[in-house]
Participant: 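Can you read through this structure? Questions will come right after.
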Amino acid sequence: MNTPIKKEIVDGLISNLGIQDFAKATIREVKQVAAMAEKESGVEFIKMEMGIPGLPAAKVGVDAQIKSLQEGIARSYPDIQGFPELKRQASRFVKAFIDVDVKPEGCVPVCGSMQGTFASFLTCSQADRKKDTVLFIDPGFPVQKMQLQVQGVKYETFDVYDYRGDKLRDKLESYLSKGNICAIVYSNPNNPSWVCFNDDELRIIGELVTRYDVIVMEDLAYFAMDFRQDLSRPFQPPYQPSVAHYTDNYILLISGSKAFSYAGERIGVTCISDKLFRRHYDDLSARYEGLPFGLVFSTRMLYALSSGTSHSAQHAMAAMLGAACDGTYNFRDEIKIYGERAHKLKEIFCKYNFHIVYDRDLDQPIADGFYFTIGYPGMTSGTLARELMYYGVSAICLITTGSHQEGLRVCTSFIENHQYAQLEERMKLFAENNPV
C-alpha cells in the first residue's frame, strides 16, 4: 500500500518503544513516535496529539512579569495565600465573566490548574473519611487520574456520551447515592470532546452535589472558548456557564495556559466558594488544627507542595485578568483562531469519510475549538491512530481519556497554514486506501 511514510518505519518504532497496544499509547509516546518517524522518513508530520498552546503569550502578562522582575520581586517569597492584587483581580474576573461572587480570600494562585487539581483532590478526599472516591464525568484529562493514582485515592468514571440532558441526573445519582463520592470533576468546554454543558445540565449537577453534600471541581482550562457565542465581554451576558450558579459546593480552576497562552509559567487560580472556603469538616479539623477547608487547601496542601506560586508569574496573571476585566484586553480575539482551525480541519476529515465522534451538544452541533474528535468507519481507535501515522498524522486515542467511543482526539494548536493542503492530499489517499 502506498503511504507517505513506510509502514515498516512506524511499526518498527512502536515495537522498539515497547508499546504493546497503540490504543493505550500516552500522549508523550505518540509524540515520540511521530518525532522519530518524521526524522527517519524526512516527511513532515501534522502533529495533533499534544494539547499545548501554539500562540504567543499575552503581551500584557509578559510586560507585567518583566516589570516585576526588574523591580526585584524574585528576591521575595510569595505569600502562600497569593499576591493580593492577583486575588483581587481573580475575584473581579469571576464576577466579570461568570457573574458569580467569590471573595478574594478564596482565590488562591497555583502552579497551573494541574497543581490546583492535585491540592483539591488531597483536600476533598480527606474532608470526610466516609467519602473516599472521586467521580469523573468523562472523557477528561488523563493526568488527573494519574494524580489520584499517586495519592492512592479511588475514583469512578463514566462516559457522558449517552447521558446528556435529563439523562445526566439519573446517571449521577446512581453514583452519589452510594455515599462514597467526595468530589465530581469535569472540564467545560471538555477536553477532549469539546462538549459544553448547558445551564440545565449544570443545574442538575449543582442540585445533586448540594443534596448529597459533594464538592464539584469545575476545570475551566478552556475558559470562554465555546466560540459559538462571545463570552469575552466583561460584566455583560452571555457569561461562561458554570455550576457555581447552582451550588455553594464548588471549586473553579482557572488556568493561564490556554486562554492567555501563558502555559510556560505554570500559573492559574483556584477559586473556592465563600461558603466552602470557610466550612469546617470534622476530619479536616482533627487532622489540621481546626482549620477550615480553604485554609487547609492553602496553608497545608499548597504549602507542602511548593510553598507558593512563582511571584513574578502572579504579577503576570494579575495584569491579564485585570486587563480583561477592564475591557482593554480581549483574550478571545487572540485565541479564536483555534476555532477557525477546527472548522477547516473538520471539513477536510469529513470530506474523506471521517465523522465527528462527539458531534452535538444536545440540539446544537458541537462548537469549533481547541479539540475535536474523529472516527473512521470500521476502524477501532488503535487501528485508526496507527494507520494515520503512516500518513504523517498523529493524534491520541479516546480510550486514554476515559471515553468508551472508538475514535481519536485532534488538537488544533500546532496546525500551520500550509498543512491544510497536506492534510487534504493525505486524507484523500487515506480514503482511497481504506474504502468505506
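On a predicted model such as this, the values are computed, not experimentally measured, just so you know.
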Participant: Examine the side chains of S306 and Q115 and answer whether a donor and an acceptor come within less than 3.5 Å of each other.
Facilitator: yes

Participant: For N433 and Y391, test the side chains for any donor-to-acceptor distance below 3.5 angstrom and give the result as yes or no.
Facilitator: yes

Participant: Are E38 and K47 side-chain neighbours, meaning at least one heavy-atom pair lies under 4.5 Å?
Facilitator: yes

Participant: Looking at the rings of F430 and Y352, which for Trp means the six-membered one, are their centres under 6.0 Å apart?
Facilitator: no

Participant: If you count the non-hydrogen atoms of other residues, nucleotides and ligands that lie under 6.0 Å from CD in Q149, is the total more than 12?
Facilitator: no

Participant: What's the separation between atom CD in E218 and atom OG in S187, rounded to the nearest 0.5 Å?
Facilitator: 9.5 Å

Participant: Ring centroid separation for F83 and H315, is it under 6.0 angstrom?
Facilitator: yes

Participant: Do D166 and R169 sit within salt-bridge range, that is, some charged N less than 4.0 Å from a carboxylate O?
Facilitator: no

Participant: I want to check something: taking the side chain as every heavy atom from C-beta on, are H404 and F158 in contact at a cut-off of under 4.5 Å?
Facilitator: no

Participant: Using the side-chain contact (heavy atoms from CB on, under 4.5 Å) rule, take V94 and I254 through it: C-alpha gap first, then chi angles, then the decisive distance, then the call.
Facilitator: CA-CA 9 Å; V94 171; I254 298 175; 3.8 Å; yes

Participant: Taking atom NZ as the centre, does K6 end up with more than 12 heavy-atom neighbours from other residues, nucleotides or ligands that are less than 6.0 angstrom away?
Facilitator: no

Participant: Decide yes or no on side-chain contact (heavy atoms from CB on, under 4.5 Å) for T412 and E340, but give the supporting numbers first.
Facilitator: CA-CA 9 Å; T412 66; E340 295 165 4; over 6 Å; no

Participant: For D326, is there an ion pair with R92 - N to carboxylate O distance below 4.0 angstrom?
Facilitator: yes

Participant: Just say parallel, tilted or perpendicular for the rings of Y329 and F260, cut-offs at 30° and 60°.
Facilitator: tilted

Participant: Using a strict 4.0 Å threshold on nitrogen-to-oxygen distance, state whether D230 and R332 make a salt bridge.
Facilitator: yes

Participant: Kindly check if the number of other-residue, nucleotide or ligand heavy atoms within 6.0 Å of CZ (R28) is above 12?
Facilitator: no

Participant: Do any N or O atoms from the side chain of Q151 and from the backbone of F118 form a donor-acceptor pair under 3.5 angstrom?
Facilitator: yes

Participant: Under 30°, 30 to 60°, or over 60°: which ring-plane class applies to F223 and F97, parallel, tilted or perpendicular?
Facilitator: perpendicular

Participant: Any chance the side chains of D199 and Y246 put a donor and an acceptor closer than 3.5 Å?
Facilitator: yes

Participant: More than 12 non-hydrogen atoms from neighbouring residues, nucleotides or ligands closer than 6.0 Å to OH on Y303, yes or no?
Facilitator: no

Participant: Check Y338 against G54 and note the closest heavy-atom contact, atom names and distance.
Facilitator: OH-N, 3.2 Å

Participant: Identify which one of L252, L86, V102, V110 satisfies the side-chain contact (heavy atoms from CB on, under 4.5 Å) criterion when paired with V269.
Facilitator: L86

Participant: Around atom NZ of K31, are there more than 12 heavy atoms of other residues, nucleotides or ligands at under 6.0 Å?
Facilitator: no

Participant: Of all heavy-atom pairs between C124 and C182, which one has the smallest distance, and what is that distance?
Facilitator: O-CB, 3.6 Å

Participant: Taking all heavy atoms of E29 and all of A25, pick out the closest pair and write down the distance.
Facilitator: OE1-CA, 3.3 Å

Participant: Could you walk me through whether V33 and I19 pass the side-chain contact (heavy atoms from CB on, under 4.5 Å) test, one step at a time?
Facilitator: CA-CA 10 Å; V33 173; I19 303 171; 4.1 Å; yes

Participant: When rounded to the nearest 0.5 angstrom, what is the spacing between SG in C397 and CD in Q405?
Facilitator: 13.5 Å

Participant: Which pair of non-hydrogen atoms, one from F45 and one from M389, has the smallest distance, and what is that distance?
Facilitator: CZ-O, 3.5 Å

Participant: Do N188 side-chain atoms and F197 backbone N/O form a donor-acceptor pair below 3.5 Å?
Facilitator: yes

Participant: Taking side-chain contact (heavy atoms from CB on, under 4.5 Å) as the criterion, tell me which of C196, P189, S257 meets it with Y222.
Facilitator: P189

Participant: Quick one: closest heavy-atom pair of I205 and L172, and the distance?
Facilitator: CG1-CD1, 3.8 Å

Participant: Report yes or no: does K87 contribute a side-chain atom to a donor-acceptor pair with the main-chain N or O of P104 at less than 3.5 Å?
Facilitator: yes

Participant: Taking everything shown except E425 itself, do over 12 heavy atoms lie less than 6.0 Å from its CD?
Facilitator: no

Participant: Just by distance, no angles: are the side chains of Y250 and S242 close enough, under 3.5 Å, to form a donor-acceptor pair?
Facilitator: no

Participant: If you count the non-hydrogen atoms of other residues, nucleotides and ligands that lie under 6.0 Å from NE2 in H343, is the total more than 12?
Facilitator: no

Participant: Answer yes or no: is there a side-chain heavy-atom contact under 4.5 Å between M225 and I335?
Facilitator: yes

Participant: Could you measure the distance from the CG atom of L362 to the NZ atom of K167? Nearest 0.5 Å is fine.
Facilitator: 9.5 Å

Participant: For the pair R88 and E85, evaluate salt bridge (charged side-chain N to carboxylate O under 4.0 Å, His left out) and give the outcome as yes or no after the intermediate values.
Facilitator: CA-CA 5 Å; R88 186 177 79 85; E85 180 63 7; 3.0 Å; yes

Participant: Does the E265 side chain pair with the main chain of S310, one donor and one acceptor, at a distance under 3.5 Å?
Facilitator: no

Participant: Quick one: CD1 on I374 to NZ on K346, what's the gap to the nearest 0.5 Å?
Facilitator: 11.5 Å

Participant: Would you say D11 and Y390 are linked by a side-chain donor-acceptor pair, where the criterion is simply a distance under 3.5 Å?
Facilitator: yes

Participant: Do NZ/NE/NH1/NH2 and the carboxylate oxygens of E71 and K67 come within less than 4.0 Å?
Facilitator: yes

Participant: Between the main-chain N or O of G112 and the side-chain N or O of S255, is there a donor-acceptor pair closer than 3.5 Å?
Facilitator: no

Participant: Return the minimal non-hydrogen interatomic distance between F414 and M50, and the atom names on each side.
Facilitator: CE1-CB, 4.3 Å

Participant: Which distance, rounded to the nearest 0.5 Å, do you find between the CG of L253 and the OG1 of T117?
Facilitator: 6.5 Å

Participant: Ignoring hydrogens and angles, state whether a donor on the side chain of S394 or E49 is under 3.5 Å from an acceptor on the partner side chain.
Facilitator: yes

Participant: Are a donor atom and an acceptor atom from the side chains of Y186 and E201 found within less than 3.5 Å of each other?
Facilitator: no

Participant: I would like to know whether N198 and Q364 meet side-chain hydrogen bond (donor to acceptor under 3.5 Å, both in side chains); could you show each step before the answer?
Facilitator: CA-CA 11 Å; N198 65 23; Q364 292 188 61; over 6 Å; no

Participant: Say you draw a straight line from CZ of F331 to CG of L231; how long is it, rounded to the nearest 0.5 Å?
Facilitator: 8.0 Å

Participant: Check for a donor-acceptor pair, side chain of Y155 on one end and backbone N or O of L148 on the other, with a separation under 3.5 Å.
Facilitator: no

Participant: Heavy-atom distance under 4.5 Å between the side chains of L384 and F354, does that happen here?
Facilitator: yes

